[in-house]
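Some notes on the structure that comes next.
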Amino acid sequence: MQSMGDQVNSAMQNVDLDERAQHQECPDGTKDAFLFKMKCGVANVKNNATRVFRKEGAYDRYDFKDANEGVDKTVRSGEYEEGDLQMPTDFPELERPPLRKVDKYCQPECPCVSLSKRYTQAWLVALGFIISFGIRCNVGVATVEMMSNDTGVPEFQWTPETVGFVDASFFWGYIVTQIPGGFLAARFSPSFLFGTAIFCSSCLNMLIPTATEISPTLVICVRVLQGLVEGVTYPACHGIWRWWAPPLERSRLATLAFCGSYGGAVLGMPISGYLASGIGWYAPFYFYGVCGIIWYMFWLWLAFESPAKHPTISPREQYYIEQSIGQNHGVQPTIFTTPWRRVFTSMPVWAIIVANFARSWTFYLLLITQPKYFKEVFHMNLAHASTVAALPHLVMTLIVPFGGQLADYLRRNKFLSTTNVRKVFNCGGFGGEALFLLVVGYTNNKMVAIVGLIFAVGSSGFAISGFNVNHLDIAPRYASILMGISNGVGTFSGMICPITTQEITKDHSSERKLQEEWHHVFLIAASIHFVGVLFYAVFASGELQDWAVDPPEEKIEMKSPGVDPKSYGTADGYSLDYGMQETKMVPAFPDESDQANGSAATAAPANPFTQKQYQAASSNPFNR
């Protein structure tokens with residue numbers, strides 16, 4: 001036993017492994033394998049920390065891919081010359097942006113995990129969405145506790161209509177900034193926009209308990225402000241992937257980021273439920289507000305607009321991302337340069353819009369009213385109902401990144417074209433969700449309803465690899481703007497869904513009547529999804545649209561009407577071959593030896609700007 005302890009101490013002390021030792025084969029013995037793994041793990045953490053805080057080996061890491069591997073060749077826009085994307089053997093010294101003050105002491109890298117910079121961005125976005133959607137769960141869970149009369153008179157006697165307006169008020173502001181958010185993400189740094197939105201929403205979240213004590217009208221105002229600032233998050237997210245996501249990694253990077261939305265519901269519902277039950281209805285608002293502020297500090301440290309602006313990205317990763325995406329040096333779209341008529345007459349765009357509306361209807365239905373459904377129909381307490389309501393979103397959180405990996409695998413190996421991948425994943429996910437929602441709509445059994453919701457929401461996880469990343473396929477230049485449009489329409493469904501649900505389920509005259517009302521709610525959701533399946537299957541596309549191609553750079557030519565360009569300037573003394581021949585400069589003041597030899601008399605000095613001969617020397621006032 002003592003020998004074992006000595007070996008452990010030795011392993012802990014000798015953790016500086018070279019690159020070859022870290023990649024050698026693991027020993028066969030159990031004890032030796034354990035020591036080897038522990039030694040490598042400690043060495044990895046130590047070396048990462050050394051790189052971050054001492055700036056050692058910051059650029060010699062991560063992807064050793066060819067840029068050719070990141071190009072999607074299943075679409076017309078993916079046809080490249082193979083030789084243009086080969087990785088060079090030696091990388092030039094990159095021109096780094098100026099170091100910030102914090103970078104002088106601590107490099108923008110996580111010291112405990114070896115992640116490429118683009119996956120660091122993806123995980124940070126996912127954490128931001130976890131907080132964002134946890135904030136959206138707060139009101140739905142807290143109002144159930146606020147309106148509870150299990151211990152007597154409720155603390156707040158809001159009418160069902162007031163509750164519905166409070167739930168929907170977030171989306172009143174959210175829908176306003178969707179399209180403007182797309183232009184803001186194209187005009188300014190999408191990373192700055194995304195982080196600032198989460199930070200402001202977190203600060204506003206901590207104002208809701210005080211507003212609740214004053215008036216529900218004030219709560220509605222705060223919720224509208226939250227919606228206004230969070231309305232830019234999805235367009236900004238697509239703006240981030242325009243710079244960071246190689247074409248064949250769009251699905252996995254985008255779905256990894258978007259799974260934070262569903263992870264936020266998974267964590268938000270039970271956390272909000274337990275905090276509201278154990279501490280008070282106000283606790284979830286303060287908890288998520290503080291979490292958002294802490295997250296924002298890490299975002300400012302680790303997030304950057306593009307690979308070229310990251311001070312410690314490796315040359316290989318930067319080259320791989322920029323060459324597989326292509327250089328984005330074109331002028332950013334504005335409200336005047338966007339081809340609006342072509343956008344709104346494009347059926348692939350409408351396919352994304354309809355799909356977003358269908359998915360958002362069910363998502364916000366479950367996000368806001370699922371705890372109420374389990375409490376009213378199956379008489380669960382708040383904590384239990386919130387936990388059960390989180391199970392479908394947990395399954396979806398696991399399926400979304402898996403679907404992204406599978407979608408990119410099918411495209412990379414050319415089993416399916418990009419168009420077919422989007423249609424198969426979207427229509428299959430929506431179809432499964434609609435079928436299982438029908439099961440929920442026709443059952444009164446608690447276990448069947450829970451299983452049906454789990455399979456319904458889990459099926460829709462595959463659809464995220466369809467419509468939700470389709471903007472980057474058909475129009476990467478306008479991806480953030482298209483996301484703002486489609487998500488704005490999806491937000492409209494989030495606005496009317498809570499009010500519609502409240503109106504349908506407001507009759508509590510009998511338990512049977514209440515169950516029938518909830519059945520109607522789920523049948524409506526299933527019908528909307530079937531419409532989305534048919535529309536997307538017919539009109540969706542994964543091809544780059546002709547109206548979305550970057551315009552060629554304009555060449556400035558000096559032309560005058562009625563003048564032949566070939567003879568331009570000859571009237572002022574220029575020759576037709578001016579600029580073609582090397583200009584010979586003749587000294588204006590030849591020395592005496594030249595004058596004696598007569599060389600200066602052979603040719604008068606010429607003006608190098610107009611090619612005109614100077615006048616006689618006597619006309620020069622300096623020679624008189």
Where does the angle between the aromatic ring planes of Tyr478 and Trp547 fall among parallel (under 30°), tilted (30 to 60°) and perpendicular (over 60°)?
->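 If you compare the ring of Tyr478 with that of Trp547, the planes turn out tilted.
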Under 30°, 30 to 60°, or over 60°: which ring-plane class applies to Phe171 and Tyr174, parallel, tilted or perpendicular?
->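 Because their plane-to-plane angle is over 60°, the rings of Phe171 and Tyr174 count as perpendicular.
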[X] and [Y]: side-chain donor and acceptor closer than 3.5 Å?
{"X": "Asn420", "Y": "Ser417", "answer": "yes"}
{"X": "Ser261", "Y": "Tyr234", "answer": "yes"}
{"X": "Glu230", "Y": "Ser132", "answer": "yes"}
{"X": "Tyr286", "Y": "Asn205", "answer": "no"}
{"X": "Trp243", "Y": "Glu305", "answer": "no"}

Aromatic ring proximity [X]/[Y], centre distance under 6.0 Å:
{"X": "Trp299", "Y": "Phe199", "value": "no"}
{"X": "Phe462", "Y": "Phe430", "value": "no"}
{"X": "Phe530", "Y": "Phe535", "value": "no"}

Given side-chain hydrogen bond (donor to acceptor under 3.5 Å, both in side chains), test Asp473 with Thr418 step by step and report yes or no.
-> CA-CA 8 Å; Asp473 299 323; Thr418 300; 5.5 Å; no
Mark yes or no: Arg187 above the aromatic ring of Phe183, with NZ or CZ under 6.0 Å from the six-membered ring centre and no more than 45 degrees from the axis.
->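 No cation-pi geometry.
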Do Arg422's NZ or CZ and the ring of Tyr536 fall within the cation-pi criteria of under 6.0 Å and 45°?
->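 Relative to the ring axis of Tyr536, which defines the angle, Arg422 lies outside at least one limit.
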Pairing of Asp408 and Arg250 as salt bridge, 4.0 angstrom limit =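 Result for this pair is no, no salt bridge flagged.
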To the nearest 0.5 angstrom, please state how far the OG atom of Ser169 sits from the CH2 atom of Trp172.
->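 Nearest 0.5 Å value for the OG-CH2 distance: 6.0 Å.
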Derivation and outcome, side-chain contact (heavy atoms from CB on, under 4.5 Å), residues Ser465 and Leu406 = CA-CA 9 Å; Ser465 297; Leu406 181 58; over 6 Å; no
Heavy-atom closest contact (Gly542 atom, Thr419 atom, distance) |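 Shortest heavy-atom contact: N-OG1, 2.8 Å.
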